[in-house]
2 protein chains.
Amino acid sequence: MAAAPKRRRVGKVEIATDLRNQIVRGDLGEGDQLPTEAALIDRYGTSRNTVREGLAILVGEGLVVAKRPHGYFVRDGHRMEYRPQSDLTVRPDDVPKDVFLTELADAGRTPTQTIDVAIVRPPADVAARLGLSDDEHAVVRRRVRFLEGAPYMTNDSYFPLTLAQGTAIMSPEDIARGANRVLADAGHVQVRAVDEFTIRMPTPDEQHRLALGPGTPVARQFTTGYDRHGKALRVAITILPGDRHTIVIDRPGLPDPEAEPS
Amino acid sequence: MAAAPKRRRVGKVEIATDLRNQIVRGDLGEGDQLPTEAALIDRYGTSRNTVREGLAILVGEGLVVAKRPHGYFVRDGHRMEYRPQSDLTVRPDDVPKDVFLTELADAGRTPTQTIDVAIVRPPADVAARLGLSDDEHAVVRRRVRFLEGAPYMTNDSYFPLTLAQGTAIMSPEDIARGANRVLADAGHVQVRAVDEFTIRMPTPDEQHRLALGPGTPVARQFTTGYDRHGKALRVAITILPGDRHTIVIDRPGLPDPEAEPS
DNA sequence: TGATATGGATTGTCTGGACAATCCATATAA
DNA sequence: TTATATGGATTGTCCAGACAATCCATATCA
């Protein structure tokens with residue numbers, strides 16, 4: 001009967017803790033609706049503002065989403081696997097690997113994407129990785145990828161203009177053989193890549209592009225590709241919504257990934 | 001002069017946008033204090049509640065921290081590099097690699113850690129990766145690592161009890177040669193590892209253990225180590241505060257990390 | 001000099017109320 | 001039957017005020 005706590009004073013933290021416990025215990029399952037604000041006001045005997053602040057804590061933790069004007073709901077935890085090492089293939093974590101590709105076709109889950117191409121002065125962090133000076137330009141292919149209509153990542157790939165000029169990279173179409181193959185065919189073979197992931201809250205722009213709810217952090221992945229001479233051929237910025245992905249990295253043959261400090 | 005906007009109605013979003021612009025433009029640098037709530041009430045002509053909600057947006061984005069009772073300050077963006085492939089060595093991103101080790105010693109920045117060891121029934125996700133049934137136990141080494149007194153990660157390593165029993169793993173001391181070496185000496189050589197990263201907001205427990213401010217997401221890393229027969233030897237759960245780390249992964253020799261969809 | 005007290009500045013928490021925005025189900029009208 | 005209007009339920013936004021908590025600088029006192 002999890003009735004009103006006995007504490008004389010109930011604050012937003014107590015409300016959030018109580019509801020969170022119900023969620024992690026499973027009393028409230030994924031997708032379930034939480035009590036309405038009015039019901040919580042009754043249950044905890046506080047003002048509406050305090051109830052809302054308690055709910056805001058859970059929303060900020062990404063545990064709960066508010067759907068106006070229907071109420072608050074427990075968020076669902078499905079995530080896709082993202083394997084930066086192989087390619088951008090993505091699949092739900094509850095689907096066996098083999099099944100995924102066929103299921104994609106079956107269920108009409110074919111990924112779609114929007115592409116837009118521009119010639120820009122790259123941002124400073126991109127320019128630094130590409131080894132471009134201030135007045136050099138780059139080609140950027142900006143893509144938003146969708147699965148079942150919902151955006152699941154953005155990928156902005158920057159190429160030095162001198163490399164991309166006159167190639168299929170300049171065209172805002174899907175490149176079936178891959179941009180790296182285009183570069184390789186022109187003699188620029190990518191032999192090494194470095195990924196840098198930073199974890200942070202999204203900018204308003206990212207929130208909009210990826211339709212992110214509140215309390216959803218993102219991973220921002222910088223991928224820098226190099227040729228055999230160490231020259232940077234491309235820099236990709238991938239934004240991965242935290243609530244839709246698990247990033248999986250396979251490390252075959254590495255003997256000691258978690259070494260204790262020496 | 002960036003005076004009060006001319007809009008008839010100023011809401012929390014406008015306040016947050018205006019202040020955010022000042023931060024990203026650099027008018028307000030890292031560590032600078034924002035105007036006080038009272039000053040913002042004057043500037044925007046709204047109630048205190050609305051001003052606070054505007055500030056809460058920036059706090060939620062991790063752009064601003066509140067230090068009671070001193071005011072709101074622009075957060076600083078220093079991050080350490082974390083390379084799961086090599087080891088747990090961590091260094092600030094603004095320090096050249098070579099300098100770091102000596103500087104660590106110079107500045108007394110030697111990492112410290114707390115260790116606590118327990119025999120537990122592992123959580124379901126750990127048990128699944130270790131291939132343990134419901135009634136089998138595991139040894140967990142829970143560590144919190146500090147740099148300059150501030151916690152920068154937690155690492156909970158689970159070992160099947162049958163493997164760890166009677167070894168140095170059971171002792172709540174630093175294992176100089178590394179836990180993996182201990183296992184290897186007992187004939188369990190780890191030859192492969194898989195990392196899984198999920199991005200999310202921290203639990204209250206994690207907030208407490210890592211002294212996380214609001215608006216700070218975390219990366220939760222599952223590292224599963226296998227021997228040559230594919231048997232899982234250990235599972236480590238590493239929690240990385242998003243505001244303190246960049247995760248760097250080197251991919252030598254991989255030809256096409258960012259392949260376009262075929 | 002040194003310890004203690006006081007007050008000020010600032011943010012944190014909570015109350016209570018008013019109106020707007022959104023979606024849904026139902027009732028009504030064409 | 002179909003389209004339109006209405007009202008209800010619920011969350012979103014904003015206002016105004018009260019008091020608590022925390023840290024700091026200053027003044028006071030021993």
Side-chain angles (χ1 to χ4, degrees), chain A residues 4-5 7-19 28 31-75 204 207-208 211-216, chain B residues 4-5 7-19 28 31-75 204 207-208 211-216:
Chain A
R7 296 193 41 176
R8 257 213 312 283
R9 187 83 180 250
V10 177
K12 59 178 184 182
V13 177
E14 284 79 15
I15 295 175
T17 303
D18 192 44
L19 292 174
L28 289 165
D32 283 3
Q33 181 172 6
L34 274 66
T36 64
E37 291 179 357
L40 295 173
I41 290 167
D42 284 350
R43 182 192 299 183
Y44 298 109
T46 65
S47 74
R48 186 179 169 215
N49 254 326
T50 303
V51 163
R52 300 191 94 245
E53 284 169 0
L55 289 165
I57 291 175
L58 301 180
V59 172
E61 292 174 1
L63 224 55
V64 161
V65 291
K67 296 183 187 176
R68 176 150 79 127
H70 299 297
Y72 293 85
F73 295 82
V74 181
R75 194 157 170 167
Q207 275 178 39
H208 180 253
L212 301 176
T216 307
Chain B
R7 296 194 41 177
R8 258 213 311 283
R9 188 85 178 248
V10 177
K12 60 178 183 182
V13 177
E14 284 79 15
I15 295 175
T17 304
D18 192 43
L19 291 173
L28 289 165
D32 284 2
Q33 181 173 8
L34 274 65
T36 65
E37 291 179 356
L40 295 174
I41 291 168
D42 284 351
R43 182 193 298 184
Y44 297 110
T46 66
S47 74
R48 188 180 167 214
N49 253 327
T50 305
V51 163
R52 300 191 94 246
E53 285 169 0
L55 289 165
I57 291 175
L58 300 180
V59 172
E61 292 174 0
L63 224 55
V64 161
V65 291
K67 297 183 186 174
R68 175 151 79 130
H70 300 296
Y72 294 84
F73 295 83
V74 181
R75 194 156 171 171
Q207 275 179 40
H208 179 253
L212 301 176
T216 307

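Within every chain, numbering begins at 1; the chains are lettered A, B, ... in the order of the sequence lines, protein sequences first and strands thereafter.
- In this structure, the side chains of B:Glu61 and A:Pro204 come closer than 4.5 Å at one or more pairs of heavy atoms.
- Between B:Leu55 and B:Leu19 there is a side-chain heavy-atom pair separated by less than 4.5 Å.
- In terms of modelled atom types and a separation under 3.5 Å, the side chain of B:Glu53 and the main chain of B:Arg48 share no donor-acceptor contact.
- Going from atom CD1 of B:Ile57 over to atom OG1 of B:Thr17 covers 7.0 Å, rounded to the nearest 0.5 Å.
- Annotation: side chain of B:Val59 is not in contact with side chain of B:Val65 (no heavy-atom distance under 4.5 Å).
- Using a 4.5 Å heavy-atom cutoff, the side chains of B:Asp18 and B:Arg43 are in contact.
- One can place CG of B:Asn49 at 14 Å from P of D:dA18, the figure rounded to the nearest angstrom.
- In this model, a donor atom of one side chain and an acceptor atom of the other lie less than 3.5 Å apart for B:Thr216 and B:Arg75.
- Contact footprint of chain A on DNA chain C: nucleotides with an atom under 4.0 Å from a non-hydrogen protein atom, first to last in 5' to 3' order, C:dT13 to C:dC24.
- Between B:Thr46 and B:Val51, the closest heavy-atom pair is OG1-CG2, 3.4 Å.
- A heavy atom closer than 4.0 Å to some atom of DNA chain D occurs in A:Arg68, A:Pro69, A:Gly71, A:Tyr72, these being the qualifying members of residues 67-74 of chain A.
- Within the 4.5 Å cutoff, the side chain of B:Leu63 has no heavy atoms near those of the B:Val74 side chain.
- With a 6.0 Å cutoff to the six-membered ring centre and a 45° limit on the axis angle, B:Lys67 does not count as a cation-pi contact of B:Tyr72.
- Proximity of residues 53-66 of chain B to DNA chain D (heavy atom under 4.0 angstrom from any strand atom) is not detected for any residue.
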